[in-house]
Amino acid sequence: MRPAIRLGVNIDHVATVRNARGGQHPDPVAAALLAVQSGADGITAHLREDRRHIRDADLERLRAEIEAPLNMEMAATEEMVSIARTLRPHACCLVPERREELTTEGGLDVASHSATLTPKVQALKACGIRVSLFVDPDAEQIEAAAATGAQVVELHTGAYAHGKVGEIERLQRAALQAENLGLEVHAGHGLTYENVGPVAAIPQIRELNIGHFLIGQAIFDGLPTVIQTMLAHINKAAGT
């Protein structure tokens, strides 16, 4: 039987709300604790270079207070690698980052930047950190990701979530290719109750990382209900 797909909950936008007025409320670490209590398998937090939501102190508290695996999303910069090597989260997901973007807009161009990415991947791995590369479902990018030595690829589902024709087939092909190259396959970006099913049904998917929708829907339904509902959608689609 297929293993259950893990759900990583991204808590960035709890910090976004907190930062809108300053102070300490709502506390992203409290949200992470509640998410784990409600069935989340791990917590994802993106420490951006401009610290627009998650801050260094948030990550330090998450590492100290959360027993579930912590996945640190980060740009592939020397600063972030240094922070990760000190913090030593369970995993790091290297993502592209531009100051002017509202959210991550696409996957890493690993094929064009393998010479600079590979040493960073290896430096993180040397600290016992599991390394993931956030990539578009593109054959060249997945092959390049495997060549860096990363253990995981996270497939960018943004184009699929926006309704691009043929994108679920691209994700299916990419997931199979990644598994054949020895990579564990994760996916995320723009996933909701309505569109998560076809992605969860891809046999090679082992983890989904979802944030914005869960935090937004929690305003209406509460975080425990939202996480449990999302898990039900995922498990139904995956047949687990």
Side-chain angles (χ1 to χ4, degrees), residues 6-63 65-66 68-75 80 83 87 89-107 132 134 154-162 186-196 199 207-231 233-234:
R6 300 186 299 271
L7 174 62
V9 174
N10 186 312
I11 59 163
D12 291 353
H13 295 302
V14 178
T16 299
V17 175
R18 176 198 61 192
N19 296 352
R21 292 190 66 174
Q24 303 300 317
H25 181 77
D27 179 12
V29 179
L33 286 165
L34 182 58
V36 173
Q37 292 167 6
S38 303
D41 297 287
I43 297 298
T44 293
H46 184 173
L47 185 67
R48 281 183 170 266
E49 291 182 276
D50 61 9
R51 310 308 200 263
R52 69 176 63 171
H53 38 60
I54 293 295
R55 299 169 179 162
D56 299 68
D58 297 326
L59 270 181
E60 291 165 8
R61 288 184 56 213
L62 286 166
R63 184 69 176 86
E65 299 178 32
I66 304 297
L70 173 62
N71 175 36
M72 176 182 169
E73 287 189 350
M74 53 182 265
M80 291 299 158
I83 290 170
L87 189 71
H90 171 76
C92 285
C93 183
L94 304 185
V95 302
E97 189 174 307
R98 295 189 302 115
R99 291 289 179 93
E100 61 271 25
E101 69 187 1
L102 291 176
T103 185
T104 305
E105 296 175 345
S132 173
F134 187 71
E154 181 166 338
L155 300 177
H156 178 230
T157 55
Y160 161 75
H162 285 100
H186 300 176
H189 200 83
L191 298 177
T192 68
Y193 294 155
E194 288 73 28
N195 65 23
V196 74
V199 178
E207 180 174 306
L208 296 174
N209 286 296
I210 306 175
H212 186 266
F213 173 79
L214 296 179
I215 301 306
Q217 193 63 29
I219 295 171
F220 305 102
D221 300 330
L223 193 56
T225 295
V226 170
I227 288 172
Q228 290 157 19
T229 303
M230 181 60 78
L231 283 168
H233 281 280
I234 291 169

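Everything quoted here is computed from the prediction, not taken from an experiment.
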Quick check: does any side chain N or O of [X] sit under 3.5 Å from a backbone N or O of [Y], one acting as donor and the other as acceptor?
X: Asp27; Y: Gln24; answer: no
X: Asp12; Y: His46; answer: yes
X: Arg18; Y: His53; answer: yes
X: Arg6; Y: Asp41; answer: no

Exercise. In terms of ring plane angle, is the pair Phe213 and Tyr193 parallel, tilted or perpendicular, where the classes change at 30° and 60°?
Worked result: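 Taking Tyr193 first and then Phe213, their aromatic rings stand perpendicular (interplane angle over 60°).
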Exercise. Under 4.0 Å between a Lys/Arg side-chain N and an Asp/Glu carboxylate O for Asp50 and Arg52?
Worked result: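 Judged by the 4.0 Å cut-off on N to carboxylate O distance, Asp50 and Arg52 do form a salt bridge.
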For this session: Show your reasoning for whether side-chain contact (heavy atoms from CB on, under 4.5 Å) applies to Glu60 and Leu87.
Result: CA-CA 7 Å; Glu60 291 165 8; Leu87 189 71; 4.3 Å; yes
Is the closest side-chain heavy-atom distance between [X] and [Y] below 4.5 Å?
X: Pro224; Y: Gln37; result: no
X: Ile54; Y: Leu47; result: yes
X: Glu194; Y: His233; result: no

Exercise. Step by step, would you call Leu59 with Leu70 a side-chain contact (heavy atoms from CB on, under 4.5 Å)?
Worked result: CA-CA 9 Å; Leu59 270 181; Leu70 173 62; 4.2 Å; yes
Problem set entry | Distance-only polar pair, side chains of Asn10 and Thr44, donor-acceptor under 3.5 Å |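 Distance-only check fails for Asn10 and Thr44.
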For this session: Indicate whether the side chain of Arg51 and that of Asn19 have a donor and an acceptor atom separated by less than 3.5 Å.
Result: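 Not at all, the side chains of Arg51 and Asn19 share no donor-acceptor pair under 3.5 Å.
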Exercise. Crowded around His212 NE2? As in, over 12 foreign heavy atoms under 6.0 Å?
Worked result: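 12 or below, so no.
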Exercise. Run the side-chain contact (heavy atoms from CB on, under 4.5 Å) check on Ile83 and Met72 step by step: do they pass?
Worked result: CA-CA 10 Å; Ile83 290 170; Met72 176 182 169; 4.0 Å; yes
Problem set entry | Step-by-step side-chain contact (heavy atoms from CB on, under 4.5 Å) determination, Val95 to Met74 | CA-CA 6 Å; Val95 302; Met74 53 182 265; over 6 Å; no
